[in-house]
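Working notes for the structure below.
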Amino acid sequence: MLAQINNMPRVAYFSMEIAFHEAIPTYSGGLGVLAGDAMFSAADLELPIVAVTLASHEGYFHQSLDGDGRQQESAENWNIAEYARSLDAKVCVHLEGEKVWVGAWLYELKGHMNGCIPIILLDTDLMENSEPNKALTNRLYGGDERYRLKQEAILGIGGERMLQALSFTVIRYHMNECHSALLVSELLKRFRFNEADVREGETTYNLPRVRELCCFTTHTPIEAGHDRFSYELVTEVLERELELDVIKKFAGNDNLNMTRLAMNCSEFINGVAKKHADVSRDMFPGYHINAITNGVHPRRWVCPELAALFDDYLPGWCHETELLRNVDVIPSQNIWQVHQNAKQVLINHVNRYHGVLLDLEIPILGFARRMTSYKRADLLFSNIDTLKRVAARFPFQIILGGKAHPHDDEGKRLIEQLHSLSKELQYDIKIVFLENYDIAQAKMIVAGSDIWLNTPLRPYEASGTSGMKAAINGVLNLSVLDGWWIEGCIEGQTGWAIGSESPSENGKDALSLYQKLEHIVLPTYYEKKNDWLKMMITSIQKNGTYFNSHRMMRRYVCEAYL
Ligand SMILES: *Cc1c(COP(=O)(O)O)cnc(C)c1O
């Protein structure tokens, strides 16, 4: 089996989270889903890649809400042995002076042709380890800073050692976000000039070789969002592993900045949308930063009935998504019927679990994503009187969902607030907050909504991908001009913009949102069905063909890997 996966040179794709299976909770949000979609495309396109991530036995967390809308967190356990095979190799990483053994599981992600991507899941739950060390690969983004640094050391240092132990020939290292950046310390140790060729006092590590091997994708347009660790902590945890004087050269003198470390040691760096690359260039002057706009995996995100329709009319679309440019050969009534069926599936789910009776004939506004303040889930509710007035003229229903990070009190308050609003407004607008937003739910909500709402604070949405999932299902986006939507929005054709491209102001954005809803979006839905249908088709044609992970991976191959 190993002979099959390490038989050819491969690109090693490192990501702290990868959502590679609907039933496996090894992700927290967009970053992990993107990594999963990237690997699904890699499998479909038969690219030579091996993915490296953590086992995350307890997932991120399972979210439930109490009667007051307070988030309750519990382990979302999954049984790795049901899905993956245990590999013999073991490597060791020294953390806080102790030996921590790291084992590996192999999950084989199959593509729709013959492709198969090996995913290596790193695991410290081994007999040799102490109880606290066994738990290091349990909870994704769990615990405190020390736990996080140890997880990142296992991913970066342990992951690279594991690839060596498994005899992989790695032609490129792709760091998806900075969490795996410690892997460069391994490469700097391995790639050295001959002592004899180096003048006295000069360093022996072969930086050009390391940079040539590494690619780095940043996803964070907020300076404070980049992982940083104090050298005090780094020394306590990693003294035996890191050559600190070397690391400081690349990661900064004040603290270990994982993004700087990755950037300084990568020849190829990219942001995940054009705007995000611009923002990153401003944040990191002097670096050459490319833009590869994200995409979503076509077969994974198009709802089954619509996929069947595409299969009938446009065979091959799920391999060559460009074929969807001809989606207008499908009778629009068929597309409408399929959409209504997807909506009915969503409505049945909501009715069954929440006892709120949603109506098939009333448009659904969907808003589901990580609950964190920059995403502004509350913008729609800035002015309740206006919202009620609009709903009285043109009724609509709202479906919400999303988890807040266990340490994010503001995000948790937001959920409570949305929960209480759903009660307060129950006689005016039907609003449902679905618990435990995950991929299965995302599939149902993005396909079954009529309007996909996104209201982030500019320019904090690096890309956003749920809107792409909506677009390829013919669900129309109503979104602030940030991230991918700056590239995807053709006003009145693929969806609508909220506000302008200038810096966000809550008041102005809210006003723009209400005006669009009342005067354009909802009247089109109710009074101009044909225009609406035409827009659904245009959304698939213009955005489904482009914002998909096949295009994205083809670009990574041509521009970053080769
Ligand atoms: C697509 C997806 C996301 C990302 O959504 P954004 O709109 O990019 O924030 C987060 N969580 C899940 C479960 C998803 O499927």
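None of these values were measured; they are calculated from a predicted model. Just follow the structure's listing: the first ligand is 1, and inside any ligand the first atom is 1.
In this structure, atom 14 (C) of ligand 1 lies nearest to the protein heavy atom Lys469 NZ, 2.9 Å. Atom 11 (N) of ligand 1 has its closest protein heavy atom at Tyr437 CE2, 3.5 Å. Protein heavy atom nearest atom 4 (C) of ligand 1, with residue, atom name and distance: Gly30 CA, 3.5 Å. When hydrogens are left out, the protein atom nearest atom 6 (P) of ligand 1 is Ser466 OG, 3.6 Å; that is the closest non-hydrogen contact. When only non-hydrogen protein atoms are considered, atom 9 (O) of ligand 1 lies nearest to Lys375 NZ, 2.6 Å. Of the protein's non-hydrogen atoms, the one nearest atom 8 (O) of ligand 1 is Thr465 N, 2.8 Å. Ranking protein heavy atoms by distance to atom 13 (C) of ligand 1, first place goes to Asp438 C, 3.6 Å.
A cation-pi geometry, defined here as NZ or CZ lying under 6.0 Å from the six-membered ring centre and within 45° of its normal, does not hold between Arg281 and Tyr287.
Taking the six-membered ring where the residue is Trp, His550 and His297 present perpendicular rings, their angle passing 60° and hence far from 30°. Using cut-offs of 30° and 60° on the angle between ring planes, the pair Phe20 and Trp78 is perpendicular.
Side chain to side chain, Glu461 and Asn454 meet the donor-acceptor criterion of an N or O pair below 3.5 Å. A donor-acceptor pair shorter than 3.5 Å cannot be found between the side chains of His276 and Asp482.
Within the listing of ligand 1, atoms 7 (O), 9 (O) sit less than 4.0 angstrom from a heavy atom of Arg369. Residue Trp301 has at least one heavy-atom neighbour below 4.0 Å for each of these atoms of ligand 1: 15 (O). Each of the atoms 12 (C), 14 (C), 15 (O) of ligand 1 lies under 4.0 Å from some heavy atom of Val33. Heavy-atom contacts of Gly464 reach the following atoms of ligand 1: 8 (O) (cutoff under 4.0 Å). Interface atoms of ligand 1 facing Ala442, defined by a heavy-atom separation under 4.0 Å, are 15 (O).
Heavy-atom contacts from other residues, nucleotides or ligands closer than 6.0 Å to CD of Glu46 number more than 12.
In this structure, the side chain of Lys412 engages the main chain of Pro406 through a donor-acceptor pair within 3.5 Å.
Taking the six-membered ring where the residue is Trp, the centroids of His226 and Phe284 are separated by under 6.0 Å.
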